[in-house]
Every structure is written in C-alpha cells, then in structure tokens.
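All remarks here apply to the structure that follows.
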Amino acid sequence: MTTLTQTLSGLFGSAFAALGLGESLGAVKTSDRPELAQFQCNGAMAGAKALGKNPREIAQAVIEKLQSQKDVFQKLDIAGPGFINITLTDDFIARALHTMATDPLRGVTQHPKETIILDYGGPNIAKPMHVGHLRAAIIGDALRRMCLYAGYRAIGDVHMGDWGLPMGQIISELEIRHPDWPYFDPAFAGPYPAQSPLSMDDLEEIYPAASNACKNDQSRLEAARLATRDLQDGRPGYRALWQHFISVSIAGMKANFTALGVHFDWWKGEADAHPFIGPMVEKLRAQNLAVESDGALVVPVAREDDKKEIPPLILYKSDGAVMYGTTDLATIVDRVEHENPAKIIYVVDQRQALHFEQVFRAARLSGIAGPKTELIHAGFGTMNGTDGKPFKTRAGGVMKLEDLITMAVEKAQARLEEAKLAQEVDTAEKESIARKVGIAALKFADLQNNRVADYIFDIDRFVAFEGKTGPYLQYQAVRIQSLLRKAESQNLRISESQIMIQDSDRSLALFLCAFPDHFEIALRNHTPHVLCDYAFTLAQAFSTFYGACHILSEPDAVLRQSRLHLCALTLQTLTAVLGILGIDVPERM
RNA sequence: GCGCCCGUAGCUCAGUGGAUAGAGCGUUGGCCUCCGGAGCCAAAGGCCGCAGGUUCGAAUCCUGCCGGGCGCGCCA
C-alpha cells in the first residue's frame, strides 16, 4: 500500500512534472520544523537551476497546482529560499490513519516472496558463549524478523564454528589425556559409545588448555594440525568424538539463544559445507581460478583498480587442511544450489570485512553466486568497555553470555519489587515478567546502537529501566493495555470508531502514519537501530498525549472513542515494532 | 607503509545535501487528592576534531591534516 509521504510525494511529483521538471523533486518528508508545518518539500530549490528561475517562483507555481485540493491541504506556504511547508487537513490525516489501521502490515509494502538467508550465529564448538556473541545474535535475529515482516522467506542459520583448528586442538589434547579411549584406536571397529564422555564444563576447561599448549609448543600445534586434517578427511574415531563436542555444545548454545529469544531455522555448521568443498575446488581448478602458491591452493581475487592489496583466498593450506574462507565459499555453493536465495546476509564482526570481500569476490569470479544473489556483509562494531578498550570483566576475563542474562533478569526482578510493580501476580508470572523485562533491557541497549560503529558496553546502561530503554517501551505498551482493559470493563467499544484529530493527538497520529517509512529505511540499510528510534519516539509521543488529556473520563463520547482507538493503534504498532526487534511485551509489569 | 571504520552537549549515542543540529543519562526547576510517576513539562549545556574545496545551501559530498580503533597469506 501507499504510505502518507508516498501519497504526498506523488501529488507534488505530478505538480513538478506539470512544470516540466523531474517528478523526483516532489519528494515530501516530515518537516524539520514541526512548529511551522507537518511536512516539507524542498524540490523547488533544486529545480530552480534547471529552469533558470527563482526557487520561490517555482514553489509558488507548484503550490498553485495543488492548492485546489482543499480536502488534502489545509495550508501550503513558502518559507526561506523556497521551502514548501505543508499542513494537512485533520480529515485527511484521519483518513490516512484509518487506511493504515486497516492494513495488517500497518502500511509496510509487501516484498516479493524471495529467499533471504541470514548468517548470524557463529558460536564456536566447545567454547562458552560470551558477551561478544550477543551482537550477532540479536542484530541478526532482528534482521530476520524484519525480512519476514516485509514478506520475504527468511532463513536464519547459526553456522557454528565446528571445523577448524580448535577441533584438532581438542582432539589431540584428549588423545594425550585419554590414549585408551576407543576414539583413538585406529583398529577399533565400533560402535562408539552413544553417551558423550565430556560435559560442557569439561570442554570449557579442555579447550583453553589445548589452545595454550599449542601456543607454547610447536609439536603440539603440529599434532593439532594433523588431527584437524584427519578429522576433515573423515577418520571415524575423530568424527565420533567430534560429534559429541557438537551435541554437547549445541545444548549450551540453545540454552542461551532460547533465553534471549533468538531463533534459528538451521543449526548448520562449517562442517556441513564439507561435502561441497571437493567438487567446488575441482571446478575452480578447471576454471583456472584456483592456483598453487607457496604450497597452498589459492584463488587470487585482487583487481587492477584495487586501492589496497587484497590477498588471495586460501582454499587449502600447505598442510592440506581447509580454511574458513573455503568453508564459507562452499557454504554459498550449498545455499545457492538448494535455496537459490536472492540475498545472503552475514551478520559478523566488522573486522571480518576483508575476509568477506575475498569470499564474495571468489564467489562472483567463479559464478558460485550469480548476479541474482546479493551478498552482504552487515558488519557490526566491537563491543568495548567503559575504558574504550575491548570489554573485559573486572577479573580481566570475558563475561559469559549466560551470566549477563542472569544479571539482567535478576536486576529486573529487584526493580519490580522496588517499584512495587506486579504485586498482584503470582510468582511464576513475576518470574516471567522479570525475564521479559531483563531481556528487553539487554536487547534494546544493544540494538539501539548504529550497527557499524564500535560501542561502549556499559553494564549499568544494559540493565537500566529508565529513559531510552527496552523496559520503558514495554511500560508504555503495558500502560495502554491496562487502559484498554479498563475501557473494556466499562463497555466502551473502540474498534469501529473513527479518529477525530485534535491538537493533543495530531502529532501522535502523524507519527503512526510514518511507521512504514522508518521500516523501509531500517530494512534497506539493515539497521535495526532505526526501528529502535521509531519505537522510542512513538512511545514518547504517546506518553505526551497520555499526559495531555484524560481519556476514560472524556465526556464527549465520540472523542473518547476516537482516543481509545488511537491508543489501540499505538499499542498495535508499538507491539509490532518491538516484536520485530525481538522484544516481548508482558500483559502487566 | 597501505586500506577500512570512527571523531557531534559533561557521559553514551541519533542525525541517507536543506531552515534554529536532536535524544537518553547526569544537573536544575516544575507536574492537577483522575486512566500505571519505569512517566510528563521546562531550563542550562555545541567553533558537529582542524583546514581547505564543491554547492543557492554541508555535521552530511571531495581533498589534506590531527586523534582513536581495526585489518592487511596459510587462526576463526
């Protein structure tokens, strides 16, 4: 459907076209000066040059074409060098709002049902998830929800790190510790034990030990490399042991992702790309794209016009093992072959930008990704501590994601008590509310930051409940729900009532109409923070409206119904936006 | 050395060529015996890192410099 600004831009575009100017000059946006007007059009100034006329004359001509539309425009005037200031009739605003209200998507354009694959997990096997995994998970999940809302077929893939050197490090460490295990006996004919010999806690201890051993001892590193290659080559005992790492690790990941409300459609890993590597490399060789270099097999991806040196993508290291570039490329083979996606979005640390540049170039050169598959690295910045350096706990270690989540939920619980909220509900519901509030605080604190920039991870801010926070937004929604419940108990019907625009509710009504514009920007640029900003401003607009006029005690029945309707619309929109961001709204709090 | 990102209020951050640059936190002052005060209203607080350029118009685009972060062949 057409949004309010699109409708207005269309009207102005035709007016400009009638003057022999480009239709795009008619672009209408929300006014920068709300005290002067609701919307503005700046095209007259840009068009002045083309016609060699005074911009104010052009603005005047445009206005003359439009001012007969008295049902739309309450006022059109020229300001400054040639701004056209636009004020709509309340009736037109009410109609626009009504149109939006009747659309289940609240005005968002439905996109074609193409497939978009999002890659936003990347947790590693055998390592506990830490705060660094938070960004990928919640930004990626928000982007997935945005794609779904827009009508795409969106698929989230956790894409675990389960195939690299760390696997070999753990295997060779275990081989030293438990040489008697059947996994290490080449003569063992199976079957291997169904039960994992290791718990997640074991793995958390073993991995750093193995990794350190390799750092300090060349022969240990060599052993780990060999084990990695043998694992990748399919040695049965190693594969069986490795399967245990995976199932144990996935259980840990699922606990974290479930707590966060982050969803994945696929629980694939780098290893799933393995079967595609051999044939892919053969094809690359046949295309003369893969060449030997210093004992490794690489795809040169540098171009003449590069401003910087782009190293080749390494397919096979000189020791015969594959690298993550290899699996990333082979994963594209898999995805294109089976899903033919219109887009693949990688929500991965910005520091990987060069890596993705290499992979994307190799995919283009070889035709692995055709012109119909867009490849996007939606990188995000580093999470720093309040000192501006990469975040560490007071003890100097990394903070586990699990601990951060627990901390947020406990803080929410304490705050509920302190504020004497949710007093009348039972313990189970209180627990559920605290969980929703804590998670909302966490997610919103992260999502509201611009994706690409580094940002300061301030624990106090992450569990704050006032100001521009997730809980504030939930609170506004809960307050509206409470109001609507009261209205219902008084038998006030709201569904069919028309909206009557008055001074106290005009800006709220206009802002509700602007939702699709904000959504499109967020979708196009893969920037959830735009939606955070919209949700916050909407909640504030509501709160202002709520403070300015009493609703239930409004004596004019028509006005009361209209305001209840506006409340309901605000609630629906706010809940929808929060839902897209992955934030639940409790019934009470 | 080369390349990428960032530099906006005391702090944390929005701001995709338009008018008088915004928000949250913090600070200061207000808010009706009525719908949930995790709220609302208001004030103070800015050479938008610096210097040029393009443009009718620049926080935004271009160039140079300064400061910070990151990356640059066999880790992921």
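Lettering of chains follows the sequences in order, A, B, ..., and the numbering in each one begins at 1.
Residue-level contact check: A/Gln40 touches the bases, meaning some heavy atom is under 4.0 Å from a base atom. As judged by a 4.0 angstrom heavy-atom cut-off over every strand, A/Asn525 is placed among the base-contacting residues. Within 4.0 Å of A/Gln481, counting heavy atoms only, lies no atom of the nucleic acid at all. The residue A/Leu416 sits close to a base: some heavy atom pair falls under 4.0 Å.
With hydrogens and angles left out, the side-chain atoms of A/Thr386 and A/Asp458 include no donor and acceptor closer than 3.5 Å.
Annotation: B/U8 and B/U60 have their P atoms spaced 14 Å apart (nearest Å). Here, B/A14 and B/G57 have their P atoms 29 Å apart, quoted to the whole Å.
Qualifying salt bridge (charged side-chain N to carboxylate O under 4.0 Å, His left out) partners for A/Arg56, counting only residues two or more places apart in sequence or in other chains: none. Scanning for ring pair (Phe, Tyr, Trp, His ring centres under 6.0 Å) contacts around A/Tyr316 gives an empty result, with sequence neighbours left out. Residues forming a ring pair (Phe, Tyr, Trp, His ring centres under 6.0 Å) with A/His130 (at least two apart in sequence, or on another chain): A/His133. A search for side chain to side chain donor-acceptor pair (under 3.5 Å) contacts involving A/His355 returns A/Tyr324, A/Asp328, not counting sequence neighbours. A/Phe465 is linked by a ring pair (Phe, Tyr, Trp, His ring centres under 6.0 Å) to nothing, counting only residues two or more places apart in sequence or in another chain. The ring pair (Phe, Tyr, Trp, His ring centres under 6.0 Å) search around A/Phe360 returns A/Tyr346, A/Phe356, not counting sequence neighbours. Residues passing the salt bridge (charged side-chain N to carboxylate O under 4.0 Å, His left out) test with A/Glu587: none are found, sequence neighbours excluded.
Protein atom CG of A/Asp349 is 12 Å distant from nucleotide atom C1' of B/G69, rounded to whole Å. Remark: C1' of B/A23 and CG of A/Asn450 are 15 Å apart, rounded to the nearest angstrom. Look at CG on A/Leu25: it is 14 Å from C1' on B/G18, rounded to the nearest Å. Between the CG atom of A/Asp306 and the C1' atom of B/G3 there is a distance of 11 Å, given to the nearest Å. Between A/Tyr472 atom OH and B/A23 atom P the separation is 13 Å, expressed in whole Å. Between the P atom of B/C25 and the CD atom of A/Gln448 lies a distance of 11 Å, rounded to the nearest Å. Taking atom CZ of A/Phe444 as the reference point, atom P of B/C13 lies 15 Å away to the nearest angstrom. To the nearest angstrom, P of B/G39 lies 12 Å from CZ of A/Phe465.
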Before giving the answer on side-chain contact (heavy atoms from CB on, under 4.5 Å), spell out for A/Glu410 and A/Met407 the whole-Å C-alpha distance, their side-chain angles and the decisive distance to 0.1 Å.
CA-CA 5 Å; A/Glu410 278 172 0; A/Met407 196 182 300; 5.6 Å; no
Between A/Asp533 and A/Lys468, does a salt bridge (Lys or Arg N to Asp or Glu O under 4.0 Å) hold up when you go through it step by step?
CA-CA 9 Å; A/Asp533 214 65; A/Lys468 194 172 181 181; 2.7 Å; yes
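Atom CD of A/Gln218 has 12 or fewer heavy atoms from other residues, nucleotides or ligands within 6.0 Å.
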Produce a footprint string for nucleotides 70-76 of chain B: one letter per nucleotide, 5' end first; B if the base is under 4.0 Å from any protein heavy atom, S if only the sugar-phosphate is, - if neither.
SSSBBSB
Its contact letters, B for base, S for sugar-phosphate only and - for none at protein heavy atoms under 4.0 Å, make nucleotides 29-35 of chain B read ---B-BB
One character per nucleotide, please: for nucleotides 53-61 of chain B, 5' to 3', B when the base has a protein heavy atom closer than 4.0 Å, S when only the sugar-phosphate does, - otherwise.
--SS-----
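Comment: A/Lys308 does not engage A/Glu357 in a salt bridge, judged by the lack of any side-chain N to carboxylate O separation of less than 4.0 angstrom.
Contact between the side-chain N/O atoms of A/Thr469 and the OP1/OP2 oxygens of B/G24 is not found at any separation under 4.0 Å.
Secondary-structure stems of RNA chain B, taken as three or more successive Watson-Crick or G-U wobble pairs (i with j, i+1 with j-1) under a 3.5 Å distance threshold, comprise B:1-7 with B:66-72, B:10-13 with B:22-25, B:27-31 with B:39-43, B:49-53 with B:61-65.
Among A/Asn384, A/Asn449, A/Asp446, the one residue that satisfies the side chain to side chain donor-acceptor pair (under 3.5 Å) test with A/Tyr455 is A/Asp446.
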List the atom pairs, donor and acceptor, that lie under 3.5 Å between side-chain atoms in residues 437-444 of chain A and the rest of the protein, sequence neighbours left out.
from     : atom 1 : to       : atom 2 : distance (Å)
A/Lys443 : NZ     : A/Leu260 : O      : 2.7
A/Lys443 : NZ     : A/Gly582 : O      : 2.7

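For A/Asn85, whose side chain is taken as the heavy atoms from C-beta onward, the closest listed nucleotide among B/A38, B/A19, B/C40 is B/A19. Taking every side-chain heavy atom of A/Asn449 into account, B/C13 is the closest of B/G18, B/C13, B/G37.
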